[in-house]
Structures are given as C-alpha cells and as structure tokens.
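Only one structure is covered here, and it is reproduced in the block below.
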Amino acid sequence: MNQVRVRFAPSPTGFFHIGGLRTALYNFLFARHHQGVFILRIEDTDRERFVPGATENLQSALRWAGIEPDEGPEQGGPYGPYFQSQRTEIYQKYAALLLQQGHAYYAFDTSEELEAMRQQAKQQGDFHAKYNASRRMQMRNSLTMTAEQVNEALAQKQPYVVRLLVPPERKFIVNDIVRGSVTFDSREVDDQVLLKSDGYPTYHLANVVDDHLMEISHVIRGEEWLSSVPKHLLLYEYFAWQPPALAHLPLIFNPDGTKMSKRDIQSLDDLPAGKVDPDVASYIKKGYEPAALLNYIALLGWNPGEGDDRQVFTVGELIEQFSLERVNKSAAIFDLKKLNWLNKEHIMRRSPASLALENREAVMQSVPVSEAYLEQVVALLQERLYFSRDVLKIGAYFFHDPDVYDPAVVRKRWEADSAKIILEFSAEISKLDVFTSSAIETVLRQVAENNSVAATKLIHPVRLAVTGVGVGPGLFDLLALLGKETVVRRLQNAAARIPLLQ
RNA sequence: GUCCCCAUCGUCUAGGGGUCAGGACUCGGGAUUUUCGAUCCCGUAACAGGGGUUCGAAUCCCCUUGGGGACACCA
C-alpha cells in the first residue's frame with residue numbers, strides 16, 4: 001500500500017457531533033495504524049450555514065481527544081490551504097476543465113424555475129424530480145441554448161451554476177471496504193450542481209478535487225455519503241483520476257432509534273427518555289475521560305474480533321488493533337451506561353498523581369493542602385470516582401470538618417450510647433503514638449469489646465462523626481490519613497452535636 | 001414515492017453451514033468488606049417472519065416486515 005493519507009473533513013456549521021468525533025477517530029486510528037497521515041480539512045463552502053467559532057470548537061475538541069491532525073489549518077502542510085473557502089480558484093479551474101471537455105454545462109435556471117419544475121413533476125407523481133437526462137433538455141442551460149445565447153447570458157452576468165453531465169444508462173459499481181459492492185443506476189443520480197452561483201463549489205466537486213490534490217488514499221466517512229458516491233466516481237472518471245478507497249461508516253442513533261439531535265437536549269444530567277446528547281462539548285464539560293469516550297465510540301461499530309474480549313482499550317491499543325475490515329455495517333445505538341462504566345474503568349487505571357494534578361486547583365482553592373496529602377486522598381477515593389474531577393465533591397471531609405451529618409445515616413447508625421462510646425474511643429486514640437490504620441483498628445476493636453458491642457456499633461458512628469456521611473473508603477485508612485488531631489476534634493464535636501439532632 | 005443500506009440478548013457485539021449461539025454493559029441474586037466502591041461467583045435475556053438450497057441454516061438465496069440513509073445552488 002502506498003502511503004496512507006486520510007482526512008477528516010467536517011463543515012463548521014454548528015456543534016461537533018459525536019458521530020463526527022467517531023469518524024475523526026477512525027480516520028486517526030487508521031492513519032496511525034499504517035504510519036500514515038491524518039489531515040483536517042475544513043469544508044466551509046456553504047457561507048450561509050457557516051457558524052463563527054465552529055472551527056475553533058472542533059479543533060479544541062480534537063485536541064482534548066488527543067486526535068490532532070498532522071496537516072490542517074493549525075499545523076499547515078504541503079497541501080494547503082486546508083480551508084476550502086480559500087481554494088475557490090482551484091475548484092473553478094477544474095469546473096472550467098469539465099465545461100471545456102463537455103462533462104459539465106452551464107445552467108441558468110432560477111430557483112423559481114427549479115421549484116416550478118419540481119412542483120410540476122410532483123403533480124405527475126414524481127416526488128423528487130431530478131435534474132437529469134429526462135429533464136435537462138426542458139431547462140435553461142447550455143445544452144438547450146445556442147452558443148450565442150450562452151455567451152450573451154454570461155456577458156450579461158446572469159447568475160449560473162455549473163452542472164455535472166450525468167450520462168444516461170450507466171451502472172456505477174461502488175466498492176466499499178465496509179459495505180462491499182453496491183450498484184447504482186445513473187437514472188438515480190441527478191446533474192449535480194458543481195459550482196454554485198456564488199462561485200463556491202458544492203461538496204461534491206470540492207471533495208473530489210481536494211481528495212485528489214491532497215493525495216487522499218482512503219475516504220472514511222459517514223454512511224450518509226454512500227449514495228453520492230456515483231457522482232464522485234463520475235468526476236474521478238472525467239478527470240482521469242484514480243479514486244481513493246472508500247469506507248462508509250454506520251450511523252449512531254439515540255436509544256429510541258431516532259437520530260441524535262441537539263434540539264431537545266438540555267444537559268447530560270437531564271436527558272429526555274430515549275435521547276442522548278450528540279454534542280461532544282457536553283461530554284467534555286461533564287468531565288468524561290477523553291480515553292473513555294474514544295474507547296466507547298470506537299466500539300460503536302468496530303471490535304477487535306474473535307478471541308479478543310477486551311472492552312477497555314487505550315488509544316495506543318486501538319491504534320494497534322484497528323482495521324476497516326472489522327467495521328460493522330449496521331447502525332449502533334449510543335448507550336450512556338456503558339460509557340459511564342468505561343469512564344470508571346479508565347479512571348481506575350490512571351495514576352493517583354495525574355488525578356491529583358487534575359483536582360489540585362479546585363482543592364487548593366478550597367483549602368491549601370500538601371501535594372502528598374492530596375495524592376493520598378486520591379488514592380483512597382480513586383475507585384469511587386465517577387468523574388476524575390470529583391475528588392472534592394465526594395471527599396469534602398478530607399479537607400473540612402463536616403458541618404452537617406446525613407440525617408438518614410444518623411437515624412440508621414446512631415444509637416443512644418454512641419456518643420459515650422465514641423468519646424471513649426476518642427480518648428483511647430489520643431494516647432496513640434503512631435496513628436496508623438492498624439493501630440487505630442486495634443484500639444477500636446478493643447473499645448468495642450470493652451463495651452460488649454460489635455465493632456460495627458462503633459465503626460458506623462465513627463464514620464458518621466468524622467465524615468458526616470455514611471459511605472467512603474475504609475474507615476481506618478481514612479482516619480489515619482486525617483490524622484489524630486483532626487479525628488479527635490471531629491469525634492468530640494460530633495458526640496456533642498449529633499445527640500441534639502435526634 | 002424512488003434508489004441504496006441494514007437486521008444475533010434491552011444495548012454494544014463474537015460467531016458466518018454441524019457451537020449447550022460466546023463476551024461486555026445494564027438488571028437480578030450471592031460471596032467478600034465496617035459503609036460505598038472495587039473484586040469474585042451465579043442468573044435473566046437474542047439469531048425479525050416466511051419460503052427455499054442442504055443430510056444439516058443464525059450462517060447461503062429469495063420474499064415480507066421493520067429500521068435507516070439519499071433524493072438541495074447543505075455538508
């Protein structure tokens with residue numbers, strides 16, 4: 001295989017869709033797997049739908065995901081510019097070439113005329129009329145006008161588009177890496193507009209020209225493009241260019257089988273039944289691990305195959321395993337539950353140091369603690385974290401004395417003699433020289449025994465007294481980390497305050 | 001409507017003529033633990049339907065049904 005060069009070619013017309021991220025990921029994985037080049041090309045040829053900031057949003061999301069292009073608007077490259085809006089002369093040149101060779105023609109039809117044609121066809125039962133062999137000779141174009149008329153129209157600066165001349169009676173056989181062989185009839189393809197009246201190219205022209213000029217070896221994109229492949233094939237043929245290999249990816253849907261849409265989604269915490277948020281930014285904001293999201297969407301339409309039951313993959317492992325041949329044909333449904341599970345799996349595999357670093361700012365803002373202390377806190381909390389930045393949220397008591405005691409836990413765990421035993425325990429641990437987990441445990445069990453109660457009768461009230469909540473890491477580790485002074489203080493406070501709550 | 005694509009547990013999927021149809025998430029149960037979490041066991045749950053082909057079909061073929069995509073001077 002020659003050098004692999006692939007591109008992710010989004011149009012900056014709104015938010016960054018999760019399906020787009022997967023397309024980018026597959027392109028990236030494929031490129032890395034083959035030591036190829038991953039290119040970002042911005043397809044901003046529709047200036048009516050252009051959304052300012054969309055490109056930047058896209059690039060920052062790719063950066064977050066760690067799937068940065070080798071060539072693109074930011075990193076440059078020998079095939080630039082990578083904004084199609086900056087390449088209009090190129091497309092015009094190729095459109096002119098097609099015109100010259102008779103593979104394309106001028107069309108002067110106004111949108112009203114086009115609309116009238118479609119309306120009329122509709123009345124005749126033709127729902128989606130095509131501008132093609134069966135109708136082009138009834139329209140106002142350089143096929144029906146004389147050369148003089150055309151030149152005159154051009155001289156008068158009448159708006160025109162350039163259309164692709166699709167031959168009648170042609171079969172197009174598309175060989176797709178994921179779908180196999182798919183056949184289309186030219187009757188089904190219309191004389192696609194190649195150059196719009198504003199001088200900008202349509203997707204089809206720009207795409208084919210750029211893929212060729214940028215020496216793209218494999219086009220990996222969403223299934224929605226499959227049916228326009230015949231037009232592209234025709235263009236390659238007219239230009240006498242070798243078309244790239246094609247791989248059309250299955251779509252991703254909501255749990256209810258509908259298209260993922262941003263419309264009715266407020267937030268990830270408040271999803272309507274059956275819906276899922278398609279906006280990559282929402283997942284970034286929520287605090288998902290990039291590795292987890294990538295891992296999850298990689299598995300939506302791809303798997304490593306027989307004999308490999310792994311679910312958790314690092315990006316490196318994905319690169320190693322990925323192949324287009326193992327991409328599925330059928331659409332997948334996005335399941336937040338599995339993403340959440342993977343997120344936890346990836347968090348558990350991280351180093352406490354990196355998690356500490358990520359929580360550092362928020363924690364320090366709340367209370368200054370040593371790096372070492374923070375890292376020990378993280379070590380205790382790590383496997384209880386659902387999101388990497390939740391340290392302060394689920395472990396506030398490592399940084400502050402509790403100011404409230406969970407009423408449900410008070411009700412369940414606090415008994416009439418709890419205060420008395422807790423004070424006794426407090427007095428006993430005060431005497432400890434080495435405040436280690438095991439020393440504390442020994443003392444606690446001794447105190448329990450002295451009072452003829454099970455250790456749990458002491459363990460739960462102590463946890464409540466020290467943390468204010470009923471859940472958390474192993475009690476003795478927690479107390480040891482907090483330190484004698486803090487623990488004794490909290491026990492005494494709680495012994496005085498909790499009985500008043502009952 | 002026309003053309004094209006797709007179809008294995010609720011979800012992601014493995015398997016592609018002979019399998020007890022496997023794994024993962026979820027859910028349920030149990031073990032462990034001082035709680036939560038983690039971990040370990042166990043369990044519920046699928047070849048859309050109908051016809052062929054074949055000794056034998058989830059697997060190959062056809063039809064039906066269902067879902068999806070495309071049918072713009074949007075990508």
Side-chain angles (χ1 to χ4, degrees), chain A residues 9-14 43-46 48-49 84 107 109-111 114 118 122 125-131 159-163 174 176 178-180 182-185 187-190 192-198 200-204 206-207 221-230 248 250-251 253 255 257-259 296 299-312 328-342 344 348 381-386 394 409 412-413 441 444 454-460 462-464 467 469-476:
Chain A
S11 58
T13 53
E43 308 221 327
D44 55 348
T45 56
D46 184 354
E48 288 186 10
R49 291 205 311 156
Q84 289 187 328
D109 315 281
T110 62
S111 51
L114 252 17
R118 288 184 182 122
K122 204 165 184 173
D126 193 346
F127 246 74
H128 284 272
K130 288 189 165 47
Y131 198 121
Y160 67 87
V161 298
V162 174
R163 285 183 182 272
V174 178
D176 188 275
V178 343
R179 268 146 226 289
V182 184
T183 308
F184 294 88
D185 194 289
R187 274 188 300 260
E188 296 303 323
V189 354
D190 62 352
Q192 181 64 48
V193 169
L194 263 18
L195 214 54
K196 299 182 255 187
S197 56
D198 62 4
Y200 281 83
T202 57
Y203 172 86
H204 308 281
N207 194 260
R221 82 247 282 188
E223 194 195 333
E224 69 270 24
W225 293 109
L226 186 61
S227 47
S228 42
V229 172
H248 287 87
L251 271 13
F253 292 120
T258 58
K259 232 170 135 170
Y296 180 65
L299 257 18
L300 239 36
W302 172 89
N303 72 82
E306 192 181 11
D308 193 341
D309 277 346
R310 282 178 296 170
Q311 305 291 321
V312 184
N328 278 104
K329 293 197 226 312
S330 50
I333 285 171
F334 192 99
D335 176 25
L336 208 53
K337 290 237 174 72
K338 187 152 183 184
L339 203 214
N340 288 337
W341 173 74
L342 276 171
K344 211 166 189 325
M348 290 195 288
L381 255 23
Q382 183 160 9
E383 71 180 24
R384 281 158 252 264
L385 246 29
Y386 287 94
I394 70 165
V409 182
K412 187 170 178 199
R413 305 291 193 187
E441 179 165 6
L444 182 137
T456 56
K457 292 289 180 196
L458 192 42
I459 286 169
H460 293 295
V462 168
R463 176 185 296 281
L464 175 66
T467 69
V469 295
V471 299
L475 182 68
F476 306 114

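Computed from a prediction, not measured in an experiment: that's the story for all the values here. Proteins get letters first, then strands, A, B, ... in listed order; numbering begins at 1 in each.
When heavy atoms are screened at a 4.0 angstrom cut-off, Thr45(A) is found touching the sugar-phosphate backbone but no base atom. No engagement by Pro12(A) is indicated, since no non-hydrogen atom pair under 4.0 Å with the nucleic acid exists. Note on Arg118(A): only backbone sugar-phosphate atoms sit closer than 4.0 angstrom, heavy atoms only; bases stay farther off. Using a 4.0 Å heavy-atom criterion, one finds that Ser228(A) contacts no nucleic acid atom at all. The residue Ala455(A) sits apart from the nucleic acid: no heavy atom pair falls under 4.0 Å. Residue-level contact check: Val182(A) touches the backbone only, with heavy atoms under 4.0 Å from sugar-phosphate atoms and none from bases. As judged by a 4.0 angstrom heavy-atom cut-off over every strand, Leu475(A) is placed among the base-contacting residues. Phe184(A) comes within contact range of the sugar-phosphate backbone alone, with a heavy-atom separation under 4.0 Å but no base atom that close. Residue contacts for Asp109(A): at a heavy-atom cut-off of 4.0 Å it reaches a base atom on one of the strands shown. No engagement by Gly307(A) is indicated, since no non-hydrogen atom pair under 4.0 Å with the nucleic acid exists. Residue contacts for Thr13(A): at a heavy-atom cut-off of 4.0 Å it reaches no nucleic acid atom on any strand shown. Nucleic acid contact for Pro250(A): none, since no nucleic acid atom lies under 4.0 Å from a heavy atom of the residue. Using a 4.0 Å heavy-atom criterion, one finds that Arg310(A) contacts no nucleic acid atom at all.
For the atom pair Ser111(A) OG and Arg118(A) CZ, the distance stands at 10.0 Å (nearest 0.5 Å). Note that the CG atom of Leu444(A) and the CD1 atom of Ile459(A) stand 5.5 Å from one another [nearest 0.5 Å].
Phosphate proximity of U13(B) to Asn303(A): absent, as no side-chain N or O sits under 4.0 Å from OP1 or OP2. Between C73(B) and Arg163(A), a contact under 4.0 Å exists linking OP1 or OP2 to a side-chain N or O. A sub-4.0 Å separation between OP1 or OP2 of C74(B) and a side-chain N or O of Thr202(A) is absent. For U2(B), the OP1/OP2 oxygens have no side-chain nitrogen or oxygen of Lys130(A) closer than 4.0 Å.
When the P atom is used for both G18(B) and C60(B), the distance is 11 Å, rounded to whole Å. Taking the P atom of each, U59(B) and G15(B) are spaced 16 Å apart, rounded to whole Å. Only the P atoms considered, C9(B) is 9 Å distant from A46(B), to the nearest whole Å. Comparing the same atom, C1', in C61(B) and in A75(B) gives a spacing of 38 Å after rounding to whole Å. Spacing between A31(B) and A45(B) at atom P, rounded to whole Å, works out to 23 Å. Using C1' as the reference atom, G10(B) and A48(B) are 15 Å apart when rounded to the nearest Å. With both ends at atom P, the span from U8(B) to U13(B) equals 9 Å, rounded to whole Å. Annotation: C74(B) and U53(B) have their C1' atoms spaced 47 Å apart (nearest Å).
Between the side chain of Ser227(A) and the base of C4(B), no donor-acceptor pair of N or O atoms lies under 3.5 Å. The base of C5(B) is not paired with the side chain of Arg179(A) by any donor and acceptor separated by under 3.5 Å.
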Taking only N/O atoms, report every protein-nucleotides 25-32 of chain B pair under 3.5 Å with atom names and distance.
| from | atom 1 | to | atom 2 | distance (Å) |
| --- | --- | --- | --- | --- |
| C25(B) | O2' | Lys338(A) | N | 3.3 |

Can you pull every protein N or O that's under 3.5 Å from an N or O on nucleotides 57-65 of chain B?
none

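Of all nucleotides listed (U39(B), U11(B), A24(B)), U39(B) comes nearest to the side chain of Met348(A). The listed nucleotides are G69(B), U35(B), A75(B); the one nearest the side chain of Lys259(A) is G69(B).
Toward the 5' end of RNA chain B, the nearer of the two residues Asp185(A) and Phe253(A), judged by each one's closest nucleotide, is Asp185(A). Toward the 5′ end of RNA chain B lies the nearest nucleotide of Ala331(A), the other residue of the pair His204(A) and Ala331(A) mapping further downstream.
A salt bridge does not link Asp335(A) to Lys338(A): none of the charged side-chain nitrogens sits closer than 4.0 Å to a carboxylate oxygen. Residues Arg179(A) and Glu223(A) are paired through a salt bridge, judged by an N-O separation under 4.0 Å between the basic side chain and the carboxylate. A salt bridge links Asp308(A) to Arg310(A): at least one charged side-chain nitrogen sits closer than 4.0 Å to a carboxylate oxygen.
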Intermediate values then yes/no, side-chain hydrogen bond (donor to acceptor under 3.5 Å, both in side chains), Tyr131(A) and Asp109(A): CA-CA 11 Å; Tyr131(A) 198 121; Asp109(A) 315 281; 2.6 Å; yes
Side chain to side chain contact (heavy atoms under 4.5 Å, CB included) evaluation trace for Val462(A) with Leu475(A): CA-CA 8 Å; Val462(A) 168; Leu475(A) 182 68; 4.0 Å; yes
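At least one donor-acceptor pair under 3.5 Å links the side chain of Asp46(A) to the backbone N or O of Glu48(A). A donor-acceptor contact shorter than 3.5 Å is absent between the side chain of Arg463(A) and the backbone of Val469(A).
Nucleotide C9(B): unpaired (no Watson-Crick or G-U wobble partner with both distances less than 3.5 Å). Across all strands shown, A48(B) forms a Watson-Crick or G-U wobble pair, both distances under 3.5 Å, with U64(B). Pair assignment for U39(B): A31(B), on the basis of Watson-Crick or G-U wobble contacts that are both within less than 3.5 Å.
Atom pair Arg221(A):CZ and C5(B):C1' shows a separation of 15 Å (rounding to whole Å applied).
Ring planes of Trp225(A) and His204(A): perpendicular class, angle over 60° (limits at 30 and 60°).
Within a 6.0 Å sphere centred on NZ of Lys196(A), other residues, nucleotides and ligands contribute more than 12 heavy atoms. Open room surrounds OH on Tyr160(A); 12 or fewer heavy atoms of other groups in view lie less than 6.0 Å from it.
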